[in-house]
Enquirer: 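Pasting in a structure now, in structure tokens, and then I'll have a few things to ask.
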Amino acid sequence: MTVNREIHLASRPQGWPTADNFRLVETEVPTPGPGQLVVRNQFMSVDPYMRGRMNDVKSYVPPFALDAPLDGGAVGEVVAGEGNGIVPGDTVLHGLGWREYALLDAKGARKVDPSLAPVSAYLGVLGMTGLTAYAGLLDVAAMQPGESVFVSGAAGAVGSMVGQIAKLKGAARVVGSAGSPAKVERLRALGFDAAFDYHDGPVADQLKAAAPNGIDVYFDNVGGEHLEAAIGALRLHGRAAVCGMIAQYNATEPPAAPRNLALLIGKRLTLRGFLVGDHGHLRDQFVEEVAGWLREGRLSYDETVVDGIAAAPEAFLGLLRGDNLGKMLVRL
């Protein structure tokens, strides 16, 4: 193969992205220099945070450049080059997705074991999304056995892991919200004590019915109405780990909610935003514990897989619409 295909950002979205914001570009397969690797990507990840990087605004990570390939998590086989103990034939995890072949410094790749789990798992349950769930619930929100937990976006890659880990760690009650009856049914199958479709009525009313005694921990993937409802339901000294706010990523006007932030005072609540990159010290512990749960059949994960680099933009748009169950991946 001498042709490499990659997805470029053609224009910056205004509100909801469309297919016109992306462009499929053909280039040559790169040649590695000293200490570099060429990786034939097998799977790439699309994630909600990528929507923010499409805006030309200052944030915790630089925006995507126009007329250049996007990037993100990917896993693949090294086909040329070597360095940092990595040689051709190794499977590596790295950050240059949205392309079929990636050229990267060997120090920017992490070798993974394809015999431990399917390679796609290193982008989900054993990768960034799994660590996000693990660190956010146990480190940021400091969930303790016997507590009640509410998870929004609970059928997604992060949320579904949060609910299962909470049960494995002794939560008394775990409640999840999702966007369809099928997803609600899946949450119940995963062991959530209660789940509801946020389209069926006000989130606050449905959360009150699902957790009549309130909650101790809220894991926020959605923001907006969900965050407002959780603040109302949190008990004294409750904690919220704020992972994402997908409800407002495509909004062109400021959100109306939450309108009850003053409750933070009397309830002595803690709302803490976090980035998974701040919790790398937990990676080895996380992989060991989660891999054990997987081997024992105590933890399940879902993947929604779209085939081909040309379909990557539609996979991303589908993620924003909530079309996915579990981790959204593109197989290359």
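As the structure is a prediction and not an experimental result, all values here were calculated from the model.
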Enquirer: Under the salt bridge (Lys or Arg N to Asp or Glu O under 4.0 Å) rule, what pairs show up with a residue in residues 156-177, not counting sequence neighbours?
Expert: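 Of all non-adjacent pairs touching residues 156-177, those that pass salt bridge (Lys or Arg N to Asp or Glu O under 4.0 Å) are K167-D193, K169-E289.
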Enquirer: Donor-acceptor pair, Q36 side chain versus G33 backbone, under 3.5 Å?
Expert: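 Checking the backbone N and O of G33 against the side chain of Q36, a donor-acceptor pair under 3.5 Å is found.
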Enquirer: Rounded to the nearest 0.5 Å, what's the gap from CZ on R235 to NE2 on H237? Could you check?
Expert: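 These two atoms lie 13.0 Å from each other.
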Enquirer: Going by atom type alone, with no hydrogens or angles, which donor-acceptor pairs under 3.5 Å involve a side-chain atom of residues 277-285 and a protein atom two or more places apart or on another chain?
Expert:
residue: H279; atom: ND1; partner: D139; partner atom: OD2; Å: 3.0
residue: Q285; atom: NE2; partner: Y134; partner atom: OH; Å: 2.7

Enquirer: Does A142 offer a backbone N or O that forms a donor-acceptor pair with the side chain of Q144 under 3.5 Å?
Expert: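 Yes; at least one donor-acceptor contact below 3.5 Å.
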Enquirer: In the structure I gave you, are the side-chain heavy atoms of V125 and V290 within less than 4.5 Å of one another anywhere?
Expert: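 In short, these two side chains touch, coming nearer than 4.5 Å.
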Enquirer: What pairs of donor and acceptor atoms, side-chain ones from residues 204-215 against any protein atom, are under 3.5 angstrom apart with sequence neighbours left out?
Expert:
residue: Q206; atom: NE2; partner: D197; partner atom: O; Å: 2.9
residue: Q206; atom: NE2; partner: G201; partner atom: O; Å: 3.2
residue: K208; atom: NZ; partner: P212; partner atom: O; Å: 3.4

Enquirer: Over all heavy atoms of both residues, which pair between R188 and A195 is shortest? Give the atoms and the distance, please.
Expert: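 Here R188 and A195 meet closest at NH2-O, 3.2 Å.
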Enquirer: Kindly give the heavy-atom pair with the smallest separation between Q42 and G76, and that separation in Å.
Expert: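 What the structure gives for the nearest pair is OE1-CA, 3.6 Å.
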Enquirer: Determine whether V242 and V140 fall in the same hydrophobic cluster, where Ile, Leu, Val, Met, Phe, Trp and Tyr are linked whenever their side-chain heavy atoms lie under 4.5 Å apart.
Expert: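 The answer is yes; both residues are in one hydrophobic cluster.
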Enquirer: With the side chain counted from C-beta on, respond yes when I231 and L271 share a heavy-atom pair under 4.5 Å apart, and no when they do not.
Expert: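 Sidechains of L271 and I231: in contact.
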Enquirer: Give the C-alpha distance, both sets of side-chain angles, the deciding distance and a yes or no for side-chain contact (heavy atoms from CB on, under 4.5 Å) between E225 and Y198.
Expert: CA-CA 10 Å; E225 183 188 0; Y198 62 82; over 6 Å; no
Enquirer: Say whether M128 and F274 are linked into one hydrophobic cluster, either directly or through other cluster members, by side-chain heavy-atom distances under 4.5 angstrom.
Expert: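 Looking at the clustering, F274 is in the same group as M128.
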Enquirer: Checking side-chain polar atoms at under 3.5 Å, does H8 have a donor or acceptor matched by the opposite partner on E6?
Expert: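 E6 and H8 do have a side-chain donor-acceptor pair below 3.5 Å.
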Enquirer: So, does Q164 use its side chain to make a donor-acceptor pair with the main chain of L299 at under 3.5 Å?
Expert: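 Side chain of Q164 to backbone of L299: no pair is present.
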Enquirer: Quick one: pull up CZ in F219 and CE in M143 and give me the separation to the nearest 0.5 Å.
Expert: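 So the gap between those two atoms works out to 12.5 Å.
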Enquirer: Can you pull out every salt bridge (Lys or Arg N to Asp or Glu O under 4.0 Å) where at least one residue sits in residues 62-79? Sequence neighbours excluded, please.
Expert: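 Residue pairs with at least one partner in residues 62-79: R23-D67, R53-D71.
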Enquirer: Without placing hydrogens or testing angles, list every side-chain donor-acceptor pair under 3.5 Å for residues 308-332, not counting sequence neighbours.
Expert:
residue: E314; atom: OE2; partner: R321; partner atom: NH2; Å: 2.6
residue: R321; atom: NE; partner: D323; partner atom: OD2; Å: 3.1
residue: R321; atom: NH2; partner: D323; partner atom: OD2; Å: 2.8
residue: N324; atom: ND2; partner: G326; partner atom: O; Å: 2.7
residue: K327; atom: NZ; partner: S45; partner atom: OG; Å: 2.6
residue: K327; atom: NZ; partner: D47; partner atom: OD1; Å: 2.4
residue: R331; atom: NE; partner: D307; partner atom: OD1; Å: 2.6
residue: R331; atom: NH2; partner: D307; partner atom: OD1; Å: 3.2
residue: R331; atom: NH2; partner: D307; partner atom: OD2; Å: 3.3

Enquirer: Of all the heavy-atom pairs spanning A171 and V174, show the shortest one and how long it is.
Expert: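 Between these two residues, the closest heavy atoms are CB-CG2, 3.8 Å.
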Enquirer: side-chain contact (heavy atoms from CB on, under 4.5 Å) for L168 and W293? Distances and angles first, verdict last.
Expert: CA-CA 9 Å; L168 287 165; W293 289 332; 3.5 Å; yes
Enquirer: Distance-only, no hydrogens or angles: does the D105 side chain make a donor-acceptor pair with backbone N or O of K107 under 3.5 Å?
Expert: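 Here the side-chain-to-backbone pair does not exist.
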Enquirer: For A141 versus V217, what's the shortest heavy-atom pair and its separation?
Expert: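 Reported closest heavy-atom pair: CB-CG1, 3.7 Å.
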Enquirer: Short question: side chain of H199, backbone of S180 - any donor-acceptor pair under 3.5 Å?
Expert: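 Looks like no, no N/O pair under 3.5 Å.
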Enquirer: Are M161 and L137 side-chain neighbours, meaning at least one heavy-atom pair lies under 4.5 Å?
Expert: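 A side-chain contact under 4.5 Å is absent here.
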Enquirer: How many angstroms lie between atom OG1 of T132 and atom CG of L275, to the nearest 0.5 angstrom?
Expert: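 Rounded to the nearest 0.5 Å, the OG1-CG separation comes out at 9.0 Å.
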Enquirer: Kindly indicate whether the side chain of P32, heavy atoms from C-beta on, has any atom under 4.5 Å from the side chain of L103.
Expert: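 With C-beta onward as the side chain, the pair touches.
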Enquirer: From L269 CG over to L264 CG, what is the distance, rounded to the nearest 0.5 angstrom?
Expert: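 With rounding to 0.5 Å, CG (L269) is 5.0 Å from CG (L264).
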Enquirer: Would you check if the side chain of R99 reaches a backbone N or O of N4 as a donor-acceptor pair within less than 3.5 Å?
Expert: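 It does not hold such a pair.
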Enquirer: List the steps, then state whether side-chain contact (heavy atoms from CB on, under 4.5 Å) holds for L24 with I7.
Expert: CA-CA 5 Å; L24 179 64; I7 301 295; 3.7 Å; yes
Enquirer: Distance only, no hydrogens: is a donor on one side chain within 3.5 Å (strictly under) of an acceptor on the other, for N221 and S152?
Expert: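 S152 and N221 do not have a side-chain donor-acceptor pair below 3.5 Å.
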Enquirer: Can you hop from L70 to V25 via hydrophobic side chains spaced under 4.5 Å?
Expert: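 Looking at the clustering, V25 is in a separate group from L70.
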Enquirer: Any side-chain heavy atom of E28 sitting closer than 4.5 Å to one from T2?
Expert: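 No, too far: nothing below the 4.5 Å cut-off.
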Enquirer: In terms of hydrophobic clusters joined by side-chain contacts under 4.5 Å, are Y301 and V75 together?
Expert: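 Yes, same cluster.
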Enquirer: How long is the span from the CZ atom in F192 to the CG atom in L187, to the nearest 0.5 Å?
Expert: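 The CZ atom of F192 sits 5.0 Å away from the CG atom of L187.
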Enquirer: Over 60° means perpendicular and under 30° means parallel, so classify the ring planes of W98 and F22, tilted if in between.
Expert: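 Parallel: the ring planes of F22 and W98 meet at under 30°.
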Enquirer: What are the two closest non-hydrogen atoms of P114 and V119, and how far apart are they?
Expert: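 What the structure gives for the nearest pair is CB-CG1, 3.8 Å.
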Enquirer: Taking G266's backbone N and O only, do any of them form a donor-acceptor pair with R268's side chain (distance below 3.5 Å, no angle check)?
Expert: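 Checking the backbone N and O of G266 against the side chain of R268, a donor-acceptor pair under 3.5 Å is found.
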Enquirer: Only one of V57, N21, L66, N55 passes side chain to side chain contact (heavy atoms under 4.5 Å, CB included) with R12; say which it is.
Expert: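 Between R12 and the candidates, side chain to side chain contact (heavy atoms under 4.5 Å, CB included) is satisfied uniquely by L66.
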Enquirer: Contact between R5 and Y101 at the side-chain level, heavy atoms closer than 4.5 Å - yes or no?
Expert: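 With C-beta onward as the side chain, the pair stays apart.
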Enquirer: Before giving the answer on side-chain contact (heavy atoms from CB on, under 4.5 Å), spell out for S300 and R186 the whole-Å C-alpha distance, their side-chain angles and the decisive distance to 0.1 Å.
Expert: CA-CA 11 Å; S300 300; R186 178 57 179 160; 4.0 Å; yes
Enquirer: Salt bridge (Lys or Arg N to Asp or Glu O under 4.0 Å) between D216 and R239: does it pass, once the steps are laid out?
Expert: CA-CA 6 Å; D216 302 289; R239 291 92 62 205; 5.3 Å; no
Enquirer: Decide whether V162 and Y218 are clustered together by the hydrophobic rule: side chain heavy atoms of Ile, Leu, Val, Met, Phe, Trp, Tyr closer than 4.5 Å, transitively.
Expert: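 Shared cluster, yes.
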Enquirer: As an exercise, state the distance from NZ of K267 to CD1 of I265, rounded to the nearest 0.5 Å.
Expert: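 Reported to 0.5 Å precision, the distance equals 12.5 Å.
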Enquirer: With a cut-off of 3.5 Å and sequence neighbours excluded, list every side-chain donor-acceptor pair involving residues 80-97.
Expert:
residue: D90; atom: OD2; partner: V87; partner atom: N; Å: 2.9
residue: H94; atom: ND1; partner: L96; partner atom: N; Å: 3.0
residue: H94; atom: NE2; partner: N41; partner atom: OD1; Å: 2.7

Enquirer: Looking at A291 and L126, what are the two nearest heavy atoms and their distance?
Expert: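 Answer, listing the atom of A291 first, then L126: N-CD2, 4.1 Å.
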